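Here's the structure we're looking at; comments come further down.
All values reported here derive from a predicted model rather than from experimental measurement. Note: hydrogens, waters and symmetry copies are ignored here, and every other heavy atom, side chains too, is used.
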Amino acid sequence: SSFRFAMSHITLATCSLNQWSLDFEGNLQRTLQSFRIAKENKCALRLGPELEICGYGCNDHFYEEDTYLHSWEVLEKLLVAEETQGILADVGMPVMHKGVCYNCRVIFFNKQILLIRPKLFLAGGGNYREARWFTPWAKIRYAEEFTLPKNIRAVAGQKTVLFGDAVIATADTCLGTELCEELFTPDSPHIHMALDGVEIFTNGSGSHHELRKLNTRVNLIKSATSKSGGVYLYANQQGCDGERVYYDGCAMIAANGDILVQGTQFSLRDVEVVTATVNLDDVRSYRGAISSRALQSSRAPVYPRVHLNVELCNLYEDTGLRVPTVPCAIRYHTPEEEIEYGPACWLWDYLRRTGMSGYFLALSGGADSSAVACIAFSMCRLVHEACQEGNVEVLADIRRLAGRADYTPSSPQEIAGLLLHTMYMGTKNSSETTQTLSRDLAAQMGAYHVNINIDAVVAAFVSVFSLFAGKTPQFKVFGGSTTENLALQNIQARTRMVFAYLFAQLLPWHRGRPGALLVLGSSNVDECLRGYLTKYDCSAADVNPIGSISKLDLRAFLRHFQTKIGGDSLLRIFSTPASAELEPITETHKQVSEDDMGMTFEELSHFGRLRKTSLCGPYSMFNKLLATWRDKFSPLEISSKVKFFFRMYSINRHKSTVLPPAYHAESYSPDDNRFDLRPFLYNTAWTWQFRAIDAQLARLTRPAPHPTPAAAAAVTDSAPAQ
């Protein structure tokens, strides 16, 4: 009937919040703001991200009782807040039950806590270590009593609540929840909940950005309701909550296999709420038309139900008159756009939350440092756009950084002149080309640029050694040994690191501003993997926005960003071969990075993905590359390349232990802190593994045996007539 149709409409809200680990006050305010927006849109349900009350990245702070105490205190504030009344709330926080720590959802309505639902399957791969702090709830479709803390009992008027794997049954629908990783598991909870009649699924997530990853998430969300019908709400964190990862938001609502609404993936907004109106009768019709689903549903196990005698579809008088949201086109950024926006948002959060005065970058005029400059300038562009759009939080932050309460930026270049400080540190081995490129790019962006020559300091360091040793080291091009050559290159690189931190501390003082600058690193993921960098050179920084991005992607990004800012600086930088410029330039010699490394960046990218993403050791990498490179290299050449890579990787792995925090963007990042846990002391001969490669190579190159006369005659006799 028309009455039934009207009463089955419901408006739902999910959100992306820029929460910060242990910032209980800030997290509370952002959570309350999301409730205000949801209620302004007359939503019956508001979903928030995973562990939103304390922040997802608390890590070993989850061992501390304080984290649980303060989370309950924040929940108390939420229960009594005017913003949370008259709306079903789904929030995330850690809960200790019977001495066991769980990652939980707390669902409440009008001060009454309905259910505490612990996470069933924990994330434990890549950057995730949830099992270090939490235990998965192992009692499927079972819930038990949980005694609430004293402060919650006082405001909720209840002593206990169900704790476990259960669902919420209202007077007009049924809701169930799953947490982040559970969506990615083969046997996801939503499958079984759907068969038991759950119509609305919520997923509070803490999912970080990785290049080319969003489509995986979107496809899983769509498929969650395509086979069995239903409405799926996805919430996520957005921003840097204190770690190497950037949570990329993109809150979504899906129904019956279609995405209805999609939030932004990269944004400087602290709070973003997306809403959709759905007709639950559409879910029922969709399910009723699938006979095989009906058969499975008729014999599905039953979930414990917590009953709420409220009609969510009837919380607002005009809900039934609202037009259901139609499916939207899914927005995907290109990898170049992901590099443009993701690290830029991460840098903004890092800067404003540290209270520092800006960024310092050693700008060499090469592709890597130029890419970092572009990302920093992208941050300035995003800040300017946010100010133009009236983002009060961003405007307050830039005014604090500028030291002026009435400041409003007029352009991205003006912001860059305030926040981005670049410096070219030349030596006698530097070219006029890179010096010009560095200066021109900084000018185009409006950065505060400095040009110095460090030859005198480098010479002073070398002279001290010469005074001690009675002899002076020489570059290889002038007859020196490999040892001398490396030492003379490294002292230049390490001198630049000292100057970088000196100027980062004193440039604000020189400009009459308070504070100091954060130093940006500029080594890419391939150079880190190969170890093609000097330990404690300009790779030693406070943060590195490209430390997990490949050289190939950075080159594509520079081409892309050139179309955004115009001019020809980036075109000239891109067309210049990569060079460290640490060796003398002569008529017959110019240092080139790929020659130094003994492999191309394209080859390095292959090695990196096979080593980490495909989980290959030397032998299996050799076998895979036999197929991949069969038209490019002989088996002997592939063998030599694989062995050389693993030797260089293992010799230099120790460098990864001191690399600065890098924005996580790539699935083969060598980040030693969290993502890629491996030894840094190897047997670099790889004797057993390389012997296996040699044996396989021998089998591949062994001549085929000559047939016997009898066998040859048999072949001739059986050959078809021509």
Side-chain angles (χ1 to χ4, degrees), residues 125 476 481-483 485-486 524-533 550-552 578 592-657 666-670 672 675-720 722:
K476 183 179 286 188
S481 64
T482 299
T483 298
N485 200 61
L486 286 175
N524 63 63
V525 68
D526 299 317
E527 291 173 345
C528 295
L529 179 65
R530 162 65 172 76
Y532 184 64
L533 52 90
S550 74
K551 188 77 166 187
L552 301 181
V592 177
S593 296
E594 289 187 333
D595 293 341
D596 282 352
M597 293 191 301
M599 60 189 75
T600 67
F601 284 108
E602 183 179 1
E603 291 169 355
L604 252 179
S605 185
H606 276 293
F607 294 143
R609 293 185 193 282
L610 288 173
R611 181 198 69 98
K612 176 65 176 175
T613 310
S614 299
L615 308 175
C616 288
Y619 179 69
S620 54
M621 183 183 291
F622 169 70
N623 283 319
K624 287 184 181 294
L625 287 175
L626 284 173
T628 305
W629 286 350
R630 63 183 180 275
D631 297 328
K632 294 178 63 176
F633 304 111
S634 69
L636 179 60
E637 289 173 316
I638 294 172
S639 167
S640 299
K641 287 178 179 292
V642 170
K643 290 178 180 178
F644 182 71
F645 164 73
F646 272 98
R647 284 196 196 98
M648 293 301 101
Y649 158 75
S650 55
I651 287 170
N652 291 289
R653 178 67 190 189
H654 65 95
K655 296 179 181 179
S656 66
T657 64
E666 188 54 80
S667 61
Y668 68 94
S669 167
D672 181 72
F675 184 72
D676 189 39
L677 305 182
R678 297 170 191 251
F680 57 86
L681 178 62
Y682 282 91
N683 178 351
T684 60
W686 298 87
T687 50
W688 192 282
Q689 297 90 332
F690 287 0
R691 199 158 53 236
I693 292 176
D694 292 340
Q696 177 72 336
L697 182 63
R699 286 191 290 271
L700 291 169
T701 57
R702 184 182 301 136
H706 293 292
T708 63
V715 170
T716 303
D717 291 343
S718 62
Q722 298 296 319

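In this structure, CG on Leu625 lies 10.0 Å from NZ on Lys632, to the nearest 0.5 angstrom. The CG atom of Leu604 sits 6.5 Å away from the CZ atom of Phe645 when rounded to the nearest 0.5 Å. Distance check: Cys616 SG to Lys624 NZ gives 5.0 Å after rounding to the nearest 0.5 Å. Rounded to the nearest 0.5 angstrom, Lys551 NZ and Ser593 OG are separated by 6.0 Å. Distance check: Ser550 OG to Leu529 CG gives 11.5 Å after rounding to the nearest 0.5 Å. Once rounded to the nearest 0.5 Å, the distance linking CD1 of Ile693 with CE of Met621 reads 9.0 Å.
Legend: residues meeting side-chain contact (heavy atoms from CB on, under 4.5 Å) with Ala695, ordered by chain and number and at least two apart, are Arg699. By the side-chain contact (heavy atoms from CB on, under 4.5 Å) test, Thr701 pairs with Leu697, sequence neighbours left out. Evaluation of the salt bridge (Lys or Arg N to Asp or Glu O under 4.0 Å) rule for Asp694 yields Lys643 as partners, not counting sequence neighbours. Remark: Arg609 pairs with Glu666 by the salt bridge (Lys or Arg N to Asp or Glu O under 4.0 Å) rule, at least two apart or across chains. Residues passing the side-chain hydrogen bond (donor to acceptor under 3.5 Å, both in side chains) test with Thr628, sequence neighbours excluded: none. With sequence neighbours left out, Glu527 forms a salt bridge (Lys or Arg N to Asp or Glu O under 4.0 Å) with no residue at all. Every residue meeting the side-chain contact (heavy atoms from CB on, under 4.5 Å) condition with Lys476, not counting sequence neighbours, appears here in chain and number order: Thr482, Asn485. Applying the side-chain hydrogen bond (donor to acceptor under 3.5 Å, both in side chains) criterion to Arg678, with sequence neighbours excluded, gives Asp676. Residues that satisfy the salt bridge (Lys or Arg N to Asp or Glu O under 4.0 Å) test with Arg647, not counting sequence neighbours, are absent from this structure. The side-chain contact (heavy atoms from CB on, under 4.5 Å) search around Glu603 returns Met599, Thr600, Phe607, Trp629, Phe633, Lys641, not counting sequence neighbours. Residues forming a side-chain hydrogen bond (donor to acceptor under 3.5 Å, both in side chains) with Ser634 (at least two apart in sequence, or on another chain): Glu637. In this structure Ser639 satisfies the side-chain hydrogen bond (donor to acceptor under 3.5 Å, both in side chains) test with no other residue, sequence neighbours excluded.
Scanning both residues, Ala685 and Phe690, for their nearest heavy atoms gives O-CD2, 3.3 Å. When all heavy atoms of Phe622 and Pro635 are compared, the pair lying nearest together is CE1-O, 3.5 Å. Ser669 and Phe675 make their closest contact through O-CD2, 3.3 Å (heavy atoms, listed as atom of the first residue, atom of the second, distance).
In this structure, the side chains of Leu533 and Lys655 come closer than 4.5 Å at one or more pairs of heavy atoms. Contact check for Met597 versus Asp526: no side-chain heavy atoms found under the 4.5 Å cut-off.
The backbone N or O of Leu552 lies less than 3.5 Å from no partner atom in the side chain of Glu602, so there is not a single donor-acceptor pair. The backbone N or O of Ala627 sits less than 3.5 Å from a side-chain atom of Arg630, completing a donor-acceptor pair.
A side-chain N or O of Ser656 and one of Arg653 form a donor-acceptor pair less than 3.5 Å apart.
Aromatic ring centres of Tyr682 and Phe646 lie farther apart than the 6.0 Å criterion allows.
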